[in-house]
Amino acid sequence: MCGVVGLAAHSEVVAAIFDGLCMLQHRGQDAAGIATCDGHRLHLRRGNGLVKDVIRPEDARTLRGNVGIGHVRYPTAGTASADEAQPFYVNSPFGIVLAHNGNLTNAGEIARELARTDRRHINTDSDSEVMLNVLAHELRGRERGELTPDDVFDAVARLHQRCRGAYACVGLIVGHGLFAFRDPHGIRPLVFGRRETPHGVETMVASESVALDVVGFQRVRDLAPGEALLVTPDGEVHTRRCANNAVLTPCIFEHVYLARPDSLIDDVSVYKARLRMGEKLAQKIRREWADHDIDVVIPIPDTSRTAALQLAAGLDIKYREGFIKNRYVGRTFIMPGQAMRQKSIRRKLNPIALEFHGKNVLLVDDSIVRGNTSRQIVQMARDAGANRVYLASAAPPVRFPNVYGIDMPAASELVASGRSVAEVRAWIGADELVYQDVVDLIAAGTEGNPSITRFEASVFDGKYVTGDVDAAYLDRLGAARSDAVLRADPNLGVSL
C-alpha cells in the first residue's frame, strides 16, 4: 500500500501537499516524494525516508508551482532503491509525472510489451514506472495538437485495457493539468475534494479523506471504479468513466488495518466499520464461548482499539489499555523484512504489568498475518503476570497471498495458511483464539454502504476479483518476494 496526493490550486501547493502526505504517512514509511509544475517546468524531490526527512524546508523554495502531486511508499520486500521512490517522470509526450498506489498483476508482461512494440525502456523494477509508460505511450501522437480532456480519458481507457490489478493514480501533464484515475474494480481508494478561495475553486485528490481535511478541503466523493478526473490549468474539473463493466469491489483490508479511522472510504466510515467488527466479534464469543472467564479486554495498539472497545462493551467486560506504544517506531506490518519486523515489536510495545497480573486477559488485534507479532505479544502478556492469555482477531484467518499492493506475498509466510484455528492457537501460544467470520467482516463494511455488493477479500477467501490470478502466478510471486528471497538478497526491493 502507498499514499497519493494531487492538488490543483491558484497558489503555491507544496505546503498543502506536504501536509496531506503527513496525514498519509501510515500508508508508507519507506520513501516519499513531491513533484510540482510552475507552468512549463517540473520540479521533483524524492528519496527514501519519512515525508519530513525527504521534503526539507529548503525544498519549498524549489518545489514551485500551483499544481503538484505527492507520494508515500512502502516496499513489498527489502529496502527498495531510492531510484524507485515516486513520483516517476517521463519527458515524452509533454512531460508527465505519476504516483501510484496498488500493484499490477501483469507488470512483467506489459514491461516486455513496452520494450518490444512500444520501444519504451523501463529502468526500475517498479510497476508504477510500467504504468506511467503505458499512459505516455497511449498519449502519443497528440504532441502537435491541443490535448483535450477526451484525449486524456481515451488514453486512460486504453490503459485500462492493458493493465490489470489494483491502481489508484495521480499525475500531471505539463501545461495540461492534474489527472487521477482508479482501476475498474476500485480496489485501492481515491477521493477528491474542493476548496473555495477568493481566486476560484481548487481541487485535491488523495488516497484518504483525512488528507483533504487537514488542508481545509471539503470531500466531494470517491472516484468511481474505472473513473478518471482531469483538472485543466483554468481550474475546470472533468470526469469520465473510462472502463466498461466496472464494478466497485474495494479492498476490505483498508477497513481492517490500512486506513486511518477518521477516513471515509467509498462512503464507509472506517471508524464505524471497526466498531461493527467489534460488535460482531462479541456476538460470536457470546454464541460460541458463552462460559468464558475473561476478566479484561486489552487492545494491541493502535488499529484494534476501536474494535476492542466495542467488543468489551458487547461482552460487558472491563476494557483496559495494557500496552504502551513507542510512537517513534514505524508500523511493523509494513516494515521490510521479517528480521526487522521482529526486532521492532519489543521496541514498539511495553506492557503495563498491573493490568495483566493474575488476570485472564483477552487481547484483541485487528488481524493476524505472519503470526510473529502475536506470538511475541502473547508471551509478553504472560511475562507481565497474566493467568491466561486469550487472543481475538477482528479479521478472519489470513490464508492467501495478496497481489493488490499489500505485503502478503507468500502463503508459506502466513501463519493460518494450511493450519487449523487450533494449530494457529498452539503456534502462537494462546490459551484460546477467536477469529472473526468472513461473512461478519463483509457485513461490517457493507452496513456502511449497502451499494457495495462485494469486497475484495482475497486474503481471506482466496477469490481474486481481477480473474487473472492462479496457483502458478502465486507460486511465482512467492518465490520472487518472500522473506527467504530477501535474506538471500537484502538489497532486493519491489515498489508499490
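From a predicted model like this one, the values you see are computed outputs, not experimental measurements. Only heavy atoms go into these numbers, but all of them, side chains included; no hydrogens, no water, no symmetry mates. Residue numbers run from 1 in the order of the sequence given.
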> If the condition is ring pair (Phe, Tyr, Trp, His ring centres under 6.0 Å), which residues does Tyr390 pass it with, not counting sequence neighbours?
Trp289
> Output yes when a side-chain donor or acceptor of Gln436 lies under 3.5 Å from a complementary backbone atom of Ala395, and no otherwise.
no
> Between Asp127 (side chain) and Ala107 (backbone), is there a donor-acceptor pair under 3.5 Å?
no
> Holding to side-chain contact (heavy atoms from CB on, under 4.5 Å), I want the full list of residues that pass it with Ala16, two or more places apart in sequence or in another chain.
Leu7, Val215
> Among residues two or more places apart or on two chains, list those pairs meeting salt bridge (charged side-chain N to carboxylate O under 4.0 Å, His left out) that have a residue in residues 291-318.
Asp302-Arg305, Asp302-Lys325, Asp302-Arg327, Arg305-Glu321
> At what distance, to the nearest 0.5 angstrom, does OG1 of Thr453 lie from CD1 of Ile442?
11.0 Å
> Please tell me whether Gln376 and Asn372 have a donor and an acceptor in their side chains that are separated by less than 3.5 angstrom.
no
> For a 4.5 angstrom cut-off between non-hydrogen side-chain atoms, does Ile265 reach Pro250?
no
> At what distance, to the nearest 0.5 angstrom, does SG of Cys163 lie from NE2 of His100?
8.5 Å
> Any non-hydrogen side-chain atom of Leu441 less than 4.5 Å from a side-chain atom of Phe455?
no
> Has Asn387 got a side-chain atom pairing as donor or acceptor with Asn360's backbone, closer than 3.5 angstrom?
no
> Side-chain contact test, heavy atoms from C-beta onward, threshold under 4.5 Å: evaluate it for Leu414 versus Arg399 and give yes or no.
no
> Might you point out which heavy atoms bring Ser128 and Gln86 nearest each other, and give the distance in Å?
OG-NE2, 2.8 Å
> Return the minimal non-hydrogen interatomic distance between Leu63 and Ile34, and the atom names on each side.
CD2-O, 3.8 Å
> Say you draw a straight line from CG of Leu248 to CG of Asn449; how long is it, rounded to the nearest 0.5 Å?
7.5 Å
> What residues form a salt bridge (Lys or Arg N to Asp or Glu O under 4.0 Å) with Arg56, not counting sequence neighbours?
Glu58, Asp59
> Considering non-hydrogen atoms only, spot the tightest contact between Gly70 and Ala99 and give its length.
O-CB, 4.1 Å
> Provide the closest heavy-atom pair for Leu24 versus Val72 in the form atom of the first, atom of the second, distance.
O-CG2, 3.4 Å
> Holding to side-chain contact (heavy atoms from CB on, under 4.5 Å), I want the full list of residues that pass it with Arg276, two or more places apart in sequence or in another chain.
Val268, Lys272, Ala273, Glu279, Ala444, Glu447
> SG/Cys22 to CG/Leu50 distance, rounded to the nearest 0.5 angstrom?
9.0 Å
> Looking at residues at least two apart in the chain, or sitting in another chain, which of them share a salt bridge (Lys or Arg N to Asp or Glu O under 4.0 Å) with Asp222?
Arg219
> Which is it for Asp266 and Arg182 under the salt bridge (charged side-chain N to carboxylate O under 4.0 Å, His left out) test, yes or no, and what are the steps along the way?
CA-CA 12 Å; Asp266 295 308; Arg182 197 176 181 191; 3.0 Å; yes
> Could you tell me if the side chain of Leu391 sits less than 4.5 Å from the side chain of Ile300, heavy atoms only?
yes
> Are the side chain of Arg375 and the backbone of Trp427 linked by a donor-acceptor contact shorter than 3.5 Å?
yes
> With sequence neighbours excluded, give me every salt bridge (charged side-chain N to carboxylate O under 4.0 Å, His left out) pair touching residues 451-464.
none
> May I have all residue pairs that pass salt bridge (charged side-chain N to carboxylate O under 4.0 Å, His left out) and include part of residues 433-445, sequence neighbours excluded?
Lys284-Asp437, Arg287-Asp437
> Closer than 3.5 angstrom, by distance alone: can the side chain of Tyr89 be matched with the main-chain N or O of Leu44 as a donor-acceptor pair?
no
> Is there a donor-acceptor pair under 3.5 Å between the side chain of Arg46 and the backbone N or O of Pro87?
yes
> Side-chain contact test, heavy atoms from C-beta onward, threshold under 4.5 Å: evaluate it for Val205 versus Val4 and give yes or no.
no
> Return the OG1 to NE2 distance between Thr466 and His185, rounded to the nearest 0.5 Å.
6.0 Å
> Tell me, do Phe18 and Pro57 make a side-chain contact under 4.5 Å, heavy atoms counted?
no
> Over all heavy atoms of both residues, which pair between Val378 and Gly429 is shortest? Give the atoms and the distance, please.
CG1-O, 3.5 Å
> Considering all heavy atoms of both residues, which atom of Asn103 and which atom of Tyr404 are nearest to each other, and what is their separation?
CB-C, 3.7 Å
> Run the side chain to side chain contact (heavy atoms under 4.5 Å, CB included) test on Leu474 and Val469 for me, step by step, so that the C-alpha distance in whole Å, both residues' side-chain angles and the decisive distance to 0.1 Å come before the verdict.
CA-CA 7 Å; Leu474 295 177; Val469 178; 3.6 Å; yes
> Is there a donor-acceptor contact under 3.5 Å from the side chain of Glu355 to the main chain of Arg320?
no
> Using the test ring pair (Phe, Tyr, Trp, His ring centres under 6.0 Å), find all partners of Phe356 that sit at least two apart in sequence or belong to another chain.
Phe323
> Quick one: are Asp30 and Asn48 in side-chain contact, heavy atoms under 4.5 Å?
yes
> Going by the rule salt bridge (Lys or Arg N to Asp or Glu O under 4.0 Å), which residues pair with Arg388 if we only count those two or more places apart in sequence or in a different chain?
none
> Kindly say whether Ser126 contributes a backbone atom to a donor-acceptor pair with the side chain of Glu129 at under 3.5 angstrom?
no
> Can any side-chain N or O of Glu84 pair as donor or acceptor with the backbone N or O of Thr124 at less than 3.5 Å?
no
> Please walk me through it: do Ile317 and Leu362 pass side chain to side chain contact (heavy atoms under 4.5 Å, CB included)?
CA-CA 10 Å; Ile317 294 174; Leu362 176 63; over 6 Å; no
> Mind checking what makes ring pair (Phe, Tyr, Trp, His ring centres under 6.0 Å) contact with Tyr167, not counting sequence neighbours?
His160
> Between Tyr435 and Val424, does a side chain to side chain contact (heavy atoms under 4.5 Å, CB included) hold up when you go through it step by step?
CA-CA 11 Å; Tyr435 277 109; Val424 175; 3.5 Å; yes
> Measure the spacing between CG of Leu275 and CG of Leu311 and express it to the nearest 0.5 Å.
11.5 Å
> Any sub-3.5 Å donor-acceptor pair from Arg274's side-chain atoms to His255's backbone N or O?
yes
> Tell me, with the steps shown, if Met277 and Val256 meet side chain to side chain contact (heavy atoms under 4.5 Å, CB included).
CA-CA 9 Å; Met277 291 176 203; Val256 171; 4.1 Å; yes
> Would you say Thr62 and Arg45 make side-chain contact, with heavy atoms under 4.5 Å?
no
> With sequence neighbours left out, write down each residue that passes salt bridge (Lys or Arg N to Asp or Glu O under 4.0 Å) with Glu109, or none if nothing qualifies.
Arg164
